[in-house]
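Please read the structure below before turning to the comments.
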Amino acid sequence: MKNRLNIALMLMLIMPPLTGCSSLLPSSRQDVKASWDGFGDVKTAFDRIVPYATTTEDLKDLGFDPFAASNIELLTYMDIVKRFMPNPNIKKEELDRGLIECLAQKESCRAYEIKLKKVEKERYGNVFLDLFGFKRQTRVSGWEFNAIVVLKSDLVVYKIWGGKPRVAEFHEEKKPLGPLQEIGNVVEQVISL
């Protein structure tokens with residue numbers, strides 16, 4: 001009993017200075033190594049790709065080289081079919097001309113799928129409440145860029161892009177019982193056995 005009291009007193013003495021210092025909270029960063037610093041930079045490079053004019057060599061010059069850059073996946077003819085014709089209701093005739101021409105070539109048809117992102121997660125708020133699981137606040141920021149470039153032999157015949165130019169999210173998780181909140185889940189699992 002005396003040991004518990006000593007531990008409780010020690011926590012009470014060291015925690016007040018820590019409760020306002022959110023720099024002690026964990027953070028994480030997910031950053032794909034790429035030639036571009038931000039969403040605008042990669043979008044500008046992507047906009048320079050012109051179907052029926054841009055070649056694989058031009059793509060390399062723009063930074064879209066799957067053998068040198070990170071997170072560029074090589075897609076086969078069958079992967080392209082799965083992406084653009086995921087169910088039988090989509091007819092080949094409904095696709096863009098470049099896709100139709102490429103799919104007709106089969107083995108000469110391939111694509112680059114580009115997935116780039118830079119996302120940072122930072123916890124903030126009261127350190128005491130966070131560490132003991134009463135209240136966790138997380139700020140998520142960054143950007144994501146996704147694109148597909150379809151090639152017939154060494155010529156780009158189709159391109160499409162999407163993504164999130166600006167990621168700004170806030171997450172808050174409250175557990176009024178703090179670490180005891182999880183005990184309820186453990187009891188439920190034991191009872192269900």
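The first residue of the sequence shown is numbered 1, and numbering continues consecutively from there. Heavy-atom basis, side chains included; hydrogens, waters and symmetry copies ignored.
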Practice prompt. Answer with yes or no whether the hydrophobic clustering places L74 together with F145; edges join I, L, V, M, F, W, Y residues whose side-chain heavy atoms lie under 4.5 Å apart.
Written response: yes
Discussion item. Y112 vs L151, test: side-chain contact (heavy atoms from CB on, under 4.5 Å). Steps then yes/no.
Written reply: CA-CA 8 Å; Y112 296 170; L151 298 128; 3.7 Å; yes
Response to the item:
Closest non-hydrogen atoms of L75 and R83, given as atom of the first, atom of the second and distance, are CD2-NH2, 3.7 Å
Discussion item. Tell me the closest heavy-atom pair linking K106 and Y77, and the distance in Å.
Written reply: O-CB, 3.4 Å
Worksheet entry | Sidechain-backbone polar pair: N71 side chain, K115 backbone, donor-acceptor under 3.5 Å | yes
Worksheet item: Taking the six-membered ring of Y124, is the NZ or CZ of R136 close enough (under 6.0 Å from the centre) and on axis enough (within 45°)?
Response: no
Item to complete: Decide yes or no on side-chain contact (heavy atoms from CB on, under 4.5 Å) for L116 and F39, but give the supporting numbers first.
Response: CA-CA 9 Å; L116 304 171; F39 186 91; over 6 Å; no
Worksheet entry | Full working for side-chain contact (heavy atoms from CB on, under 4.5 Å) between Y52 and V156 | CA-CA 6 Å; Y52 295 98; V156 173; over 6 Å; no
Worksheet item: Taking all atoms of both residues into account, what is the closest heavy-atom pair of V150 and C102, and its distance?
Response: CG1-SG, 3.5 Å
Worksheet item: Do I148 and I114 share a hydrophobic cluster (ILVMFWY, side-chain heavy atoms under 4.5 Å, transitive)?
Response: no
Worksheet, complete the sentence: Interatomic distance, NZ@K60 vs OG1@T55, rounded to 0.5 Å, equals 9.5 Å
Fill in: Taking every non-hydrogen atom, the tightest pair across G163 and N146
CA-ND2, 4.2 Å
Practice prompt. Indicate whether the side chain of H171 and that of E173 have a donor and an acceptor atom separated by less than 3.5 Å.
Written response: no
Item to complete: Flag yes if L95 and M78 sit in one hydrophobic cluster, no otherwise; membership is Ile, Leu, Val, Met, Phe, Trp, Tyr, and two members link when side-chain heavy atoms are under 4.5 Å apart.
Response: yes
Discussion item. Nearest 0.5 angstrom please: L155 CG to T54 OG1, how far?
Written reply: 8.0 Å
Discussion item. With a 6.0 Å cut-off (strictly less than), is the heavy-atom count around CD of E107, excluding the residue itself, greater than 12?
Written reply: no
Fill in: NZ/NE/NH1/NH2 to OD/OE distance under 4.0 Å, E94 and K91
no
Worksheet entry | Sidechain-backbone polar pair: K159 side chain, I49 backbone, donor-acceptor under 3.5 Å | yes
Worksheet item: Any idea which heavy atoms bring F46 and I160 closest together, and the distance?
Response: CZ-O, 3.7 Å
Practice prompt. Taking atom types as modelled, find out whether D41 and T44 have a side-chain donor-acceptor pair closer than 3.5 angstrom.
Written response: no
Worksheet item: Within the distance-only criterion (no hydrogens, no angle test), does the side chain of D61 pair as donor or acceptor with the backbone N or O of D58 below 3.5 angstrom?
Response: no
Worksheet item: Between D154 and R110, is there a salt bridge with N-O shorter than 4.0 Å?
Response: yes
Worksheet item: For the residue pair Y158 and P51, what are the closest heavy atoms and their distance?
Response: N-CB, 4.3 Å
Discussion item. With a 4.0 Å cut-off on N to O distance, would you call E101 and K152 a salt bridge?
Written reply: yes
Worksheet entry | Working for side-chain contact (heavy atoms from CB on, under 4.5 Å), residues M85 and L103 | CA-CA 11 Å; M85 298 172 60; L103 292 173; 4.2 Å; yes
